[in-house]
Amino acid sequence: TPEIVVENVSKRYKTAAGETTPALADVSLRVESGEFVTVIGPSGCGKTTLVRLIGGLETPTSGRLRTNGTPITGPGPDRAMVFQEYHLFPWLTVRENVEFGLVEQDIDESERADRVAEMLDLVGLSDRADAYPSELSGGMKQRVGLARALAVDPAVLLMDEPFGSVDAQTRRHLRGELLDIWAETGKTVLFVTHDIEEAVALSDRVLVLNGSPGWVRDRIRIDLDRP
Ligand code: ADP
Ligand code: ADP
């Protein structure tokens, strides 16, 4: 069954001048449960907008979005996001950052502790649980971002250029780790990048979002399905 369905979605942002600017035009796609799909496209083609729409952080101007058959009306614990700029809470430790979503979900303290320990083990950061984000390298920060997203046990992981702020060597390491975690957890992953090498290295199915600066004039063009 499809986990994510996007049907004829368009998005225009309001600008300061009271006009609107197009960010996505008539995009349709579906991602099956357990699939790892990468979306590539040049800067400005609407990748971040697409991820934010599926994450429920934006509403479409037209079209429909569904997750597991249910219309997307806002953020939900079934869809966790990982951002390029980490978006960790600087005043919280690694442990507290990973625990954050669990506190919101009203899960009791001992279960939370177990869950956090499990996630930190999964991303190889058990020994840095009491560190603050400022004490970590970029790669470590993104491991925390990933652990925080996975802690709430979402069905879908939405990743927006998650390795865009780390050096090339760390990026290759993180790719491998992400694929191992995907294989282990069976999550549905939608991964956005502008790097075709990264897209091909990560997934069997690559969706291409094509546009030109300021005006998204096209939609998904190539869909390299599994042989
Ligand atoms: P990237 O190309 O790395 O995805 P951008 O620089 O396009 O990132 O966008 C970074 C952030 O700024 C995003 O949250 C995006 O929604 C916002 N943003 C981008 N363009 C505009 C704009 N013209 N007006 C207001 N916010 C914008
Ligand atoms: P990408 O992630 O592919 O770089 P974005 O989704 O960030 O693309 O942006 C798509 C288009 O929408 C760009 O032209 C960008 O400037 C514009 N845009 C993005 N966010 C906003 C915003 N909050 N307000 C106005 N325009 C925006």
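Small disclaimer: the values here were computed from a predicted structure and weren't measured. Every number for a ligand or one of its atoms is a count from 1 in the order of the listing.
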Is the closest basic N to carboxylate O distance between Arg148 and Glu99 below 4.0 Å? no
When Thr49, Thr21, Thr20, Thr61 are each screened for side-chain hydrogen bond (donor to acceptor under 3.5 Å, both in side chains) with Tyr13, the one that passes is Thr49
Would you say the side chain of Thr67 lies within less than 4.5 Å of the side chain of Glu3, judging by non-hydrogen atoms? yes
For ligand 2, which atoms, with element, lie under 4.0 Å from some heavy atom of Ala23? 10 (C), 11 (C), 12 (O)
Can you sort out which atoms of ligand 2 are near Ser43, meaning under 4.0 Å from one of its heavy atoms? 4 (O)
With a cutoff of 4.0 Å, is Thr15 in contact with ligand 2, counting heavy atoms of the residue only? no
Glu35 and Thr188: side chain donor to acceptor below 3.5 Å: no
Geometric N/O contact Gly46 with ligand 2, under 3.5 angstrom: yes
Classify the ring geometry of Phe89 against Trp91: parallel below 30°, tilted from 30° to 60°, perpendicular beyond 60°. tilted
On a heavy-atom basis, I'd like to know which of Gly41, Pro42, Gly44 is closest to atom 4 (O) of ligand 2. Gly44
Beyond-backbone contact of Val189 with Val37, side-chain heavy atoms, under 4.5 angstrom: no
Under 3.5 Å: N/O of Lys47 near N/O of ligand 2: yes
Report the part of Thr49 in contact with ligand 2, treating N, CA, C, O as backbone and CB onward as side chain, heavy atoms under 4.0 Å; options are side chain, backbone, both, neither. both
Is Cys45 in polar range of ligand 2, meaning some N or O pair under 3.5 Å apart? yes
